[in-house]
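Contents: one structure, followed by commentary.
Bear in mind the structure is a predicted one, so any value in this text is a computation, not a measurement. Quick note on labels: first sequence line is chain A, next is B, and so on, each numbered from 1.
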There are 2 protein chains.
Amino acid sequence: MSNSGKSVVSQLRRLISDGELAPGKRLGEVAVAEQLGVSRTPVRLAFRTLEQEGLLQRAGKRGFQVREFSDTDVRCAVEVRGVLEGLAARRLAEQGLSSELLGQLELWIQKGRDLLAKGYLDEDDVVDWSELNLGFHDAIVASAGSEVIGDAIARNNHLPFAAADSIILDTGALEREYRKLQLAQMHHELVLQALRDGEGARAEMLMREHALVGLRYAEVLEGRSR
Amino acid sequence: MSNSGKSVVSQLRRLISDGELAPGKRLGEVAVAEQLGVSRTPVRLAFRTLEQEGLLQRAGKRGFQVREFSDTDVRCAVEVRGVLEGLAARRLAEQGLSSELLGQLELWIQKGRDLLAKGYLDEDDVVDWSELNLGFHDAIVASAGSEVIGDAIARNNHLPFAAADSIILDTGALEREYRKLQLAQMHHELVLQALRDGEGARAEMLMREHALVGLRYAEVLEGRSR
DNA sequence: AGCCTTAACTTTGGATCCAAAATACAAGCA
DNA sequence: TGCTTGTATTTTGGATCCAAAGTTAAGGCT
């Protein structure tokens, strides 16, 4: 029962997003405390944090329960990320990007090219893409001029299905995922082009569309007509 | 020192937005606990909540400090609300509004017309406008189909200068505020028109512009050319 | 038999205590 | 005099205790 290393918050986050704590399940402080082998105090603190993050919600007068999300919630969370990252990109395009940011973005994009160059995807590539994708997005958001936008995105990203690196889920259909990443890579390159040319509206629009990759693209990339 | 009625979180929120706790000031748990006349426990819980809300930030390895906001932060927070409410409005326009929502919105708009009809503003009108403005915005956000968007807006609104009803600050220049509200009222009416006609892009654009009222409109409404 | 009242139990909120970590301070050494 | 190391103090994190509020269940009354 030794787990003082990882914080209670992250443990609970993982339990929730792994579904081990079922959506709608009511959480008692004592029960969770015992399960995690800690006292009630850190659990109480964690519940407040998780509530603000949106993973827990108050259950009536007393206690919390695991929040359940509908398909619409998932869709909206992705769109929220889209408009927020779009906002960041537009601001960046309008204020102009520094040469070092330009260098960073080109680096991530080059990594993406390298990763996709061999024409297919294997499982190790997934974590690499996740890293470079995160790097690209973070670089843009961090340079948007205000922490406020980044904070809003970070809070939204606490919903496990909303984060930018949650694109890939299906490691069993790597051909489809490859085409998905090809598209995402193209988006990255176009976004950089728009940013460099000061095309704020286009950069915003591209980021918003980019967020939707992995959401409704499955049918198109499968060749289905729906 | 009796204050068990209001929660520690709201007390701290008020102290921060009133500036009694200066931005950048480091908050110790014991100091705040004594000042509020409670024990450390509720303060510790409150700090976690306020941190998530963005009003506090961790100060180094230990403790929290009151977050300070730049002009850019204010600008960005307002834009964040703009894009999020814009997203809500677009979704609403695309899915179509129910007749009861239509009724609600028309009610708030009618109240706005009534309030502005006499051609000037007095101090009592300010709270009335705040109420109807809040009602109009909340009705749209609540009907956008998912709690997720509303939550993101709510979290953003914890920044005191970002909330939709923080438009009016200057009760000393009521003529200027009157023209500001005239414009806001026009926005409300146009938004409803766009929503009713299913013009998603226009509804979104209007909401985004609407959020900027009270931000940079001062110069224009004053007649200054800047 | 059904409903209301009351009592027992469960669960959370607040306070206090203890330990660990971090910072500040002081003394010793180069 | 300046830097480093060791100690003391402050401050936070975790655990436990107590009280209050809520929930459940049982028993009595109509």
Side-chain angles (χ1 to χ4, degrees), chain A residues 1-16 20-68 147 151 154-155 158, chain B residues 1-16 20-68 147 151 154-155 158:
Chain A
M1 290 279 179
S2 69
N3 43 22
S4 52
K6 305 200 68 172
S7 83
V8 177
V9 180
S10 24
Q11 286 188 77
L12 283 175
R13 260 202 288 256
R14 208 187 51 75
L15 286 175
I16 291 173
E20 299 186 37
L21 294 176
K25 181 183 177 69
R26 185 155 172 181
L27 295 185
E29 295 179 357
V30 277
V32 173
E34 284 174 7
Q35 184 178 345
L36 269 55
V38 293
S39 112
R40 271 182 58 215
T41 307
V43 175
R44 289 171 67 183
L45 294 169
F47 277 10
R48 279 9 179 244
T49 300
L50 275 312
E51 181 198 13
Q52 289 295 320
E53 291 184 358
L55 271 64
L56 297 185
Q57 61 187 176
R58 297 207 111 90
K61 286 271 187 177
R62 186 162 68 180
F64 295 89
Q65 67 185 117
V66 180
R67 181 160 167 192
E68 35 198 346
E147 303 261 297
D151 287 355
R155 286 193 293 257
H158 284 131
Chain B
M1 289 279 177
S2 70
N3 43 22
S4 52
K6 304 200 67 171
S7 82
V8 176
V9 180
S10 25
Q11 286 187 77
L12 283 174
R13 260 203 286 257
R14 207 186 52 75
L15 286 175
I16 291 172
E20 299 186 38
L21 295 176
K25 181 185 179 68
R26 185 152 174 186
L27 296 186
E29 294 179 357
V30 277
V32 173
E34 284 175 6
Q35 185 178 345
L36 269 54
V38 293
S39 110
R40 270 183 58 216
T41 307
V43 175
R44 289 170 67 183
L45 294 170
F47 277 11
R48 283 3 180 248
T49 301
L50 275 313
E51 181 199 13
Q52 288 296 319
E53 291 184 358
L55 271 65
L56 297 185
Q57 62 186 175
R58 295 207 112 89
K61 289 270 189 179
R62 187 162 69 182
F64 294 89
Q65 67 184 120
V66 180
R67 181 159 168 192
E68 36 197 345
E147 303 261 301
D151 287 354
R155 286 193 292 257
H158 284 131

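- At dA15(C), one or more side-chain N or O atoms of S39(B) fall inside 4.0 Å of OP1 or OP2 (strictly under the cut-off).
- The interatomic distance linking E29(A) (CD) with dC18(D) (C1') rounds to 15 Å, in whole Å.
- Here the straight-line distance linking atom OG1 of T49(B) with atom CZ of R13(B) works out to 8.5 Å at 0.5 Å rounding.
- A donor-acceptor contact under 3.5 angstrom links the side-chain atoms of R44(A) to the base of dG14(C).
- Atom pair R40(B):CZ and dT12(D):P shows a separation of 7 Å (rounding to whole Å applied).
- With distances taken from any side-chain atom of T41(B) to the nucleotides dT23(C), dG14(C), dG14(D), the minimum falls on dG14(C).
- Both R26(B) and R26(A) lie near DNA chain D, and the one whose nearest nucleotide falls closer to the 5' end is R26(B).
- Regarding E34(B), its CD atom lies at a distance of 12 Å from the P atom of dT12(D), rounded to whole Å.
- Taking atom CG of L45(A) as the reference point, atom P of dT12(C) lies 14 Å away to the nearest angstrom.
- Counting only heavy atoms from C-beta outward, the side chains of R48(B) and R44(A) never approach each other to under 4.5 Å.
- If you take NZ of K61(A) and P of dT24(D), they are 15 Å apart, rounded to a whole angstrom.
- Atom CZ in R48(A) sits roughly 10 Å away from atom P in dT12(C) (whole-Å rounding).
- No more than 12 heavy-atom neighbours from other residues, nucleotides or ligands sit within 6.0 angstrom of CD on E147(A).
- Closest to the V38(B) side chain, of the nucleotides dG14(D), dG13(C), dA15(C), is dA15(C).
- Not counting sequence neighbours, the partners of E51(B) by the side-chain hydrogen bond (donor to acceptor under 3.5 Å, both in side chains) test are R58(B).
- Rounding to whole angstrom units, CZ of residue F64(B) and C1' of dT12(D) are separated by 10 Å.
- For the atom pair CG of L12(A) and CG of L50(A), the computed distance is 5.5 Å after rounding to the nearest 0.5 Å.
- Between R62(A) and P42(A), it is P42(A) whose nearest contact on DNA chain D lies nearer the 5' terminus.
- Spacing between atom CD of Q65(B) and atom P of dT11(D) amounts to 15 Å, rounded to whole angstrom units.
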